[in-house]
There are 2 protein chains.
Amino acid sequence: MEAGATHEEPPRPRTGRPRADDRPLEREPREEIVAVASRLFAERGVAGTTMSEIARRSGLRQSSVYYYFRDKEAILEEILGSVNRVVLDQLARVNAEGGPPALRLYRLIRLDVLQLCAFPYDINEISRLSALQEERFARFWQERRALNRAVEELVREGIAAGELVDVDPRLAALTLLANDEATQNWHRPVGALGQLEDDGYEPEQVATFSADLAVGGLLRERARLAALRTEARERDPA
Amino acid sequence: MEAGATHEEPPRPRTGRPRADDRPLEREPREEIVAVASRLFAERGVAGTTMSEIARRSGLRQSSVYYYFRDKEAILEEILGSVNRVVLDQLARVNAEGGPPALRLYRLIRLDVLQLCAFPYDINEISRLSALQEERFARFWQERRALNRAVEELVREGIAAGELVDVDPRLAALTLLANDEATQNWHRPVGALGQLEDDGYEPEQVATFSADLAVGGLLRERARLAALRTEARERDPA
DNA sequence: AGCAGTTTCGATGCGTCCTTGAAACTTCCC
DNA sequence: GGGAAGTTTCAAGGACGCATCGAAACTGCT
């Protein structure tokens, strides 16, 4: 992990008892488990995903997963640890680059939806689970609240600058972020909401449309929207 | 149930073995179960709700629930049977009353959000569950698709009439309805997303804001929005 | 060769929940 | 009063999934 050897690492023999399932492993077992679990959680929900299944798809036996994670929720914790971080980082970057609030808001929404399409999760179920174990998911909620405050501030700035119509910034932030989370409900790479014949819209289309709708609904001069869209796409290519 | 006696029905002695829990029952056991389950499903999810808990809150023992419903999902089926029906009925009424497409769209969104705030459910979990048993939830999805098509048509009309900007009606319908379902993610009468300090916005505020944002984002002349809002509120008082 | 460290396995205990079946207690009607 | 029908309870049967434990199978070093 320290020097060189970034490509074509020769499959150095792993220490420890060999697996019963002898598929060659592509990445670190821990990462593999997280990737597999992430997908399954989104597809079937946390409650609906068994440790057996996670193990099976990771090329392990059920009990071996416990070598890497204390329990199922430890896996979830790891997944949730990065979800909001990514968006918060993007936000920081967008704010650092500057530009009018409306543009920054547009960019953030678009990026948020793209991120959620790539790593979907059911905010609702997360919420229910974390209600049971507040401490364990404290960080997730803390970052989620930070995101809310940031969007709130963005809206506030936009109003002050005369770019956006006069709305309640807090209510707007809550609604905008909830809408982002909703998008992935029906636009899922796999499985869910398959009942909805969603015609396979690409994440890019979905993200752009969501941003258009949201910012379009807040902008005083709708004519500016096209310019915002163009600039956002240029600055944040997929 | 046939004639008169709509108020102050004397608690006519029920036939059958008396309950261990001797609270007087306010409504038909079946209805009581549905009401209780509906609340619990929204609060903890279907998977997270036990038949024991449903029974307990309905004043019954666990196994007695099976006298009324074959299994847990039969209760869910009953709940989902009405969820979309209500909105579809409202839509039919709105369309019958006529008026410009933008107004009808505004009214529908507002009513939809109000309905979802009153009877929240996790569309995501429903989707996962129904994927496992397609037939049982066929009606729900059928009606959900009808709703999608109706909104699509509304948007199409609005564009044709020159009221709305030129968007993909299908993508718009999917997004708008998903957004409605999102609102209840954070605006819950009880429990969920409590981590989000949502300042107790009233359903009316939430619904109006959602409709403002959505229709505002589609309307060519944003100046018309205030009038639409006023008229919608008059025609559909809470 | 042998010991230490690492990774995995198989078996098992435990708890939880769903579901069923037979019996108990009630009112209703003949 | 007695049988029929309706409603509920108690008790028990399964199924299933989480989590733990001790042992097994490997590498690497001495």
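In the text below, chain A, chain B and the rest are named by the order of the sequence lines, each starting its count at 1.
Residues satisfying the salt bridge (charged side-chain N to carboxylate O under 4.0 Å, His left out) test with B:R44, not counting sequence neighbours, are B:E53.
Side-chain proximity of A:Y67 to the nucleotides C:dT6, D:dT9, C:dC9 is greatest for C:dT6. Comparing C:dT8, D:dC26, C:dT26 against the side chain of B:P18 picks out C:dT26 as the nearest.
In summary, B:D21 and B:R19 do not engage in a salt bridge, as defined by a charged side-chain N under 4.0 Å from a carboxylate O. Salt-bridge annotation for A:E153 and A:R170: absent, with no side-chain N of the basic residue lying under 4.0 Å from a carboxylate O of the acidic one. A salt bridge links B:D122 with A:R128: the closest approach of a Lys/Arg side-chain nitrogen to an acidic carboxylate oxygen falls below 4.0 angstrom.
For the pair B:R30 CZ and D:dT8 P, the interatomic distance rounds to 13 Å; values are reported in whole Å. The nearest whole Å value for the distance from the CD atom in B:E32 to the C1' atom in D:dT8 is 16 Å. Protein atom CZ of A:R61 is 6 Å distant from nucleotide atom P of C:dC9, rounded to whole Å. Taking atom CZ of residue B:R19 and atom C1' of nucleotide C:dT27, one finds them 16 Å apart after rounding to whole Å. In this entry the distance linking CG of B:D22 with P of D:dT8 reads 13 Å, nearest Å. The CZ-P distance, from A:R14 to D:dA24, rounds to 21 Å in whole Å.
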Close N or O pairs between protein and nucleotides 2-5 of chain C (under 3.5 Å):
unit_1: C:dG5; atom_1: N2; unit_2: A:T15; atom_2: OG1; d: 3.3

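Within the structure, side-chain hydrogen bond (donor to acceptor under 3.5 Å, both in side chains) pairs that include any residue of residues 69-83 of chain A comprise A:R30-A:E78, A:D71-A:R136, A:E73-A:Q133, A:E77-A:R136 (at least two apart or interchain). Among residues at least two apart or in separate chains, salt bridge (charged side-chain N to carboxylate O under 4.0 Å, His left out) pairs with a member in residues 110-119 of chain A are A:R110-A:E204.
Scanning both residues, B:I109 and B:A211, for their nearest heavy atoms gives CG2-CA, 3.8 Å.
Residue-level contact check: B:Y68 touches the backbone only, with heavy atoms under 4.0 Å from sugar-phosphate atoms and none from bases.
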Side-chain donor-acceptor distances from residues 86-95 of chain B under 3.5 Å, at least two apart:
unit_1: B:D89; atom_1: OD1; unit_2: B:R85; atom_2: NH2; d: 3.3
unit_1: B:N95; atom_1: OD1; unit_2: B:R104; atom_2: NH1; d: 2.9

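In terms of phosphate contacts, A:R17 brings no side-chain nitrogen or oxygen within less than 4.0 Å of OP1 or OP2 of D:dT27.
Between B:D212 and B:T208, the closest side-chain pair of non-hydrogen atoms falls below 4.5 Å.
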Treat primed atoms plus P, OP1 and OP2 as sugar-phosphate and everything else as base, then score nucleotides 12-20 of chain C 5' to 3': B for base contact with protein heavy atoms under 4.0 Å, S for sugar-phosphate contact only, - for none.
-----SBBB

